[in-house]
Amino acid sequence: MFRKHDDFHIRICEALTVRPEEKVVETSIGDIEYDYVIIATECSPNYFGNDALGEETMPLKATADALYIRNEVLEIFEKAQNTDDPLLRERLLTFVVVGQVLPVWNSREHWQN
């Protein structure tokens, strides 16, 4: 989505102040100037009273979570590729994704134009 944009960056830091009139975000790593800014807040997963789910699921609330999930999925793909057991392969390649997304705009359309 962002391959055509050489000036796209992700910064993991604490946003302290946003000065929209100057297009600057003051952060824990210094001031960052921007044309467009998306500030993603890190939060904790909510299992709605079923905390046992925390032991069997992989939350996606931070960039580090995404990297962990990517590595786990790649490892599972490798195990599935290397097994001769069709039942094990099917079990390994069965994923359940649960969550909620609040779209702000169609980012694919926005960045392709």
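Start at 1 with the first residue, then count along the sequence.
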### Query
Mind checking whether Leu60 and Ile12 sit in one hydrophobic cluster, side chains of I, L, V, M, F, W, Y counted as touching below 4.5 Å?
no
### Atom pair CD (Gln81) and CZ (Arg89), whose distance is rounded to the nearest 0.5 Å
9.0 Å
### Query
If every non-hydrogen atom of Asp65 is compared with every non-hydrogen atom of Pro59, which pair is closest and at what distance?
CB-O, 3.2 Å
### Message
Can you confirm whether Tyr68 is buried at OH, in the sense that more than 12 heavy atoms of other residues, nucleotides or ligands lie under 6.0 Å from that atom?
### Response
no
### Query
With a cut-off of 6.0 Å (strictly less than), are more than 12 heavy atoms of other residues, nucleotides or ligands near CD of Glu55?
no
### Message
For Glu56, is the CD atom crowded, meaning more than 12 foreign heavy atoms sit under 6.0 Å from it?
### Response
no
### Message
Let me confirm one number: the CD1-CD distance from Ile76 to Glu78, rounded to the nearest 0.5 Å.
### Response
11.5 Å
### Message
Measuring from atom CZ of Phe8 to atom CD1 of Ile38, what distance do you get when rounded to the nearest 0.5 angstrom?
### Response
7.0 Å
### Task
Keeping the roles fixed (side chain from Thr94, backbone from Glu90), state whether a donor-acceptor pair exists under 3.5 Å.
yes
### Query
Checking Arg19 side chain against Glu26 main chain: does a donor-acceptor pair fall under 3.5 Å?
no
### Query
Val73, Leu93: one ILVMFWY side-chain cluster at the under-4.5 Å cut-off?
yes
### Query
What about Ile32 and Val37, same hydrophobic cluster or not, with Ile/Leu/Val/Met/Phe/Trp/Tyr joined at side-chain heavy-atom distances under 4.5 Å?
no
### Message
Check whether Thr27 reaches the backbone of Ile29 with its side chain - one donor and one acceptor, N or O, closer than 3.5 Å.
### Response
yes
### Query
Quick one: do Phe77 and Leu88 end up in the same hydrophobic cluster if we chain Ile, Leu, Val, Met, Phe, Trp and Tyr together by side-chain heavy atoms under 4.5 Å apart?
yes
### Query
About how many Å separate CD of Glu72 and CZ of Arg70, when rounded to the nearest 0.5 Å?
11.5 Å
### From CA spacing to verdict: side chain to side chain contact (heavy atoms under 4.5 Å, CB included), Thr57, Tyr47
CA-CA 10 Å; Thr57 61; Tyr47 297 108; 3.4 Å; yes
#### Entry: Between CD1 on residue Ile69 and CZ on residue Phe95, distance to nearest 0.5 Å
11.0 Å
### Spacing of Arg91 atom CZ and Thr83 atom OG1 [to the nearest 0.5 Å]
10.5 Å
